[in-house]
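Step one of this worksheet: look at the structure below.
As a basis for the values below, the full set of heavy atoms in this structure was taken, side chains included, without hydrogen atoms, waters or symmetry mates. For ligands, and for the atoms within them, numbers begin at 1 and follow the listed sequence.
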Amino acid sequence: MFAKILIANRGEIAVRIIQTCKRLGIETVAVFSEIDSRSLHVRQADEAVYLGPSPSNTSYLVKEKIIQAALKHNCQAVHPGYGFLSENTEFANEVTEAGLVFIGPPADVIGTLGDKIASKALAFKAGVPVVPGHNESLADLNDAATVAEEIGYPVLLKPAAGGGGRGMRIVHSRDELDGAFKASQEETRKAFGDNTIFLERYIVNPRHIEIQIMADQSGNVIYLGERECSIQRRYQKVIEESPSLAVDEELRKKMGETACALAREAGYTSAGTVEFILDQNGDFFFLEMNTRLQVEHPVTELVTGLDLVELQLKVAVGETLPLRQEDVTLKGWSIEARICAEDPQRNFLPSTGLITRYAAPQGKNIRLDSGIEAGSFVSVYYDNMLAKAISWGETREEARKALVQVLNRHHLEGVITNVDFANAILNHPAFIEGCLSTGFIDEHFDNGVMKIEPARERLEFMAIAATLVYHNRKNLVRESLKPMTARVGAAQKQENRYHYVVKGETTIFKMQLLGDMNHNNWTIEVNDNQYEVITPDFEYYRRRLKLTIDGLPEYFRLQYSGNFIWAAFSGITKIFEIYSPLEWELAQYMPKETKAVKENILLSPMPGLVVQIKAKTGDRVYRGQDLVVIESMKMESGVSSPCDGEVDEIKVNPGQAVESGDELLTFKS
Ligand code: ADP
Ligand code: ADP
Ligand code: MG
């Protein structure tokens, strides 16, 4: 085995590779850019080499520096991870020419398979079904129109150099073609410095199923089951699982053997993935082959019990595969969610900043592959994927529930992530049923928000968590005043029954808490439902809360400000307002009395920060129209007009902090 290797990557995948090396007693050399100098992968490696300024093209993409570092530090091999130089033919070549081992397939194989047109031709030769289309570079728009007519709309324009879904455009009819062709060419040129585009039939609502293969230098090729990666946003995978509900034993064998045939035809070695699209008739078609370890490889590891990095290392050193096809068994189910620094509420714009708090869940049947920790800085320079949460279960449902809990417990502050969005997917009834297709997110989500109402019980759990936190905070204040009121307090016997009214946007929950703050057992009534709740000790009510509700552990993330509590749970995020019955009653009367006076004024319903003002003086607005957007406890909410009218004066500016009840704008009477 190698004594020392260099890892030409960063983040979670570098950390992941280092872990296997440690277990196998292989020393590791990390590389890093300026901004990564204190990052996790650097600290975990035995040695580390500085590459240059933060941008990738002056650091992680500088081939010569990486190869020199490997030589200087007496490495025998280079592991490229995924992304960066992992599918770069020249890099693989130069590594080999320098006398080092490239941990991956031969350079020329990367070259052929990296080109979608060439790899489709190869697949065709190997007898692999390919998506019907015209497997040649399109000369111009006229050519595209002719070819599209032949194939039949809808068609998909694809860059030959493709990756990450960039440059792809669906075209439904001839009149969409001109615009789509230009846009695709433009994007392709920008992303890949090349504008070779081809056309294939667009398959409607397919599933994305891929086969993990492993090949050694003696010609042995095996497949390690499938992964379903149909949950995609803009052709980028969000949730992956293994096995797939759509694949039975027979189909698995057929797809697996097809993938192996392609790998043999290509002269492939190392780990690779053959991606297929499975249409609604159960027919599958080759999409592309990825010549590297994939982001979602952990789900395969959890169901096969294999370490793919270990297998890569063994094959690279020349060993034969330690197992044959018949030794491969799939056990249970595994699901992965990609955790990315992006804001679903702002059209998934990347989010950057310093991670101020990070609690990564751990436990049985949970795996968290992460490249970050508290203190890490998330920059604009690299991919925004921070970590991956992976779960295992005997059944799909068990794995799903475990992953939901991992995401509920994934507490990260400082940058906005897609954790709640991913969790909402896992909690969607269609996901639970397994009705998956690549159109899933567009079909069921609107701007990152589920199109249907969340389950009532989930909301009641959240109302319970919010009320307990509120109650606890109120009592802590009372406790702190105790010395002053000790005598009075002693005389007042605690009744141990507390009532609250909770408003969660349009839903009202009537809460009755039965219990004692010195004990951790509560009986809680929410409207007509009753729950037995075990709470932590009062000191532990923080920004995350673990409650045992009717015997099962549930985890919540919370933010609070006065009567307002923001809660995140099972993909639902909501602001709750909590009142005592008296406060609530007053609140009911108050607006009625003051309505006449307040009609011309738009008040802020909550404390927060003004993000955007959507109206200007003189605008005619209608009742219910959003006029001001306020960010409060990580959520953006629109404040809508209480009347039809004309805006008279705007009283706030974007960026300004407001209290609940502050005037936002006035209307002409
Ligand atoms: P990339 O190199 O960007 O990963 P792929 O060819 O693997 O490109 O395609 C990415 C995704 O785009 C697929 O997972 C699938 O969702 C969609 N896709 C690709 N080709 C087709 C097609 N012919 N019909 C329908 N969807 C497709
Ligand atoms: P247990 O071992 O009791 O099952 P866990 O392993 O689930 O508890 O939790 C371990 C730690 O996580 C505890 O210190 C607990 O306080 C903390 N924790 C509680 N609630 C949350 C939450 N919502 N998110 C993340 N961590 C939490
Ligand atoms: Mg792909």
Where the closest heavy atom to [atom] is concerned, which of [options] has it?
| atom | options | answer |
| --- | --- | --- |
| atom 14 (O) of ligand 1 | His208, Arg201, Glu200, Lys237 | His208 |
| atom 22 (C) of ligand 1 | Asn290, Asp279, Leu156, Ile231 | Leu156 |
| atom 6 (O) of ligand 1 | Arg234, Lys158, Glu288 | Lys158 |
| atom 25 (C) of ligand 1 | Ile203, Val131, Leu199 | Ile203 |

Could you tell me which atoms of ligand 1, counted from 1 in the order shown, lie closer than 4.0 angstrom to a heavy atom of [X]?
| X | result |
| --- | --- |
| Gly165 | 1 (P), 3 (O) |
| Gly163 | 1 (P), 2 (O), 3 (O) |
| Ile277 | 18 (N), 21 (C), 22 (C), 24 (N), 25 (C), 26 (N), 27 (C) |
| Gly164 | 1 (P), 3 (O) |
| Thr438 | 16 (O) |

Practice problem: Ignoring hydrogens and angles, tell me if any N or O in the side chain of Lys63 forms a donor-acceptor pair with the backbone of Phe91 under 3.5 Å. | Solution: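 It does not hold such a pair.
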Exercise. Check whether any side-chain N or O of Arg169 sits under 3.5 Å from a backbone N or O of Val155 as a donor-acceptor pair, and report yes or no.
Key: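 Flag not set: sc Arg169 to bb Val155 has no pair under 3.5 Å.
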Which residue and heavy atom of the protein sit nearest [atom], plus the separation:
| atom | answer |
| --- | --- |
| atom 8 (O) of ligand 1 | Lys116 NZ, 3.2 Å |
| atom 10 (C) of ligand 1 | Met168 CE, 3.7 Å |
| atom 15 (C) of ligand 1 | Gln232 OE1, 3.8 Å |
| atom 17 (C) of ligand 1 | Tyr235 CD2, 3.7 Å |

Lys/Arg-Asp/Glu bridge criterion (N-O < 4.0 Å) met for [X], [Y]:
| X | Y | result |
| --- | --- | --- |
| Glu398 | Lys401 | no |
| Glu275 | Lys237 | yes |
| Glu250 | Lys253 | no |
| Arg166 | Glu187 | no |
| Arg174 | Glu149 | no |
| Arg292 | Glu87 | yes |
| Lys451 | Glu443 | no |

Practice problem: Report yes or no: is the cationic atom of Arg400 (NZ for Lys, CZ for Arg) under 6.0 Å from the centre of the six-membered ring of Phe431, at an angle within 45° of the ring normal? | Solution: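 Here Arg400 fails the 6.0 Å and 45° test against Phe431.
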Exercise. Quick one: name the protein N/O/S atoms under 2.8 Å from the Mg ion (ligand 3), chain by chain.
Key: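 The answer is Glu275 OE1, Glu288 OE2.
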Quiz prompt | Trace of the ring-ring contact (aromatic ring centres under 6.0 Å, His included) decision for His428 with Phe440 | solution = CA-CA 10 Å; His428 196 287; Phe440 185 95; 5.8 Å; yes
Quiz prompt | Qualifying residues under side-chain contact (heavy atoms from CB on, under 4.5 Å), relative to Arg367, sequence neighbours excluded | solution =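 Partners of Arg367 by the side-chain contact (heavy atoms from CB on, under 4.5 Å) criterion, ordered by chain and then number, come out as Arg16, His297, Pro298, Glu301, Leu302, Asp369, Ile390.
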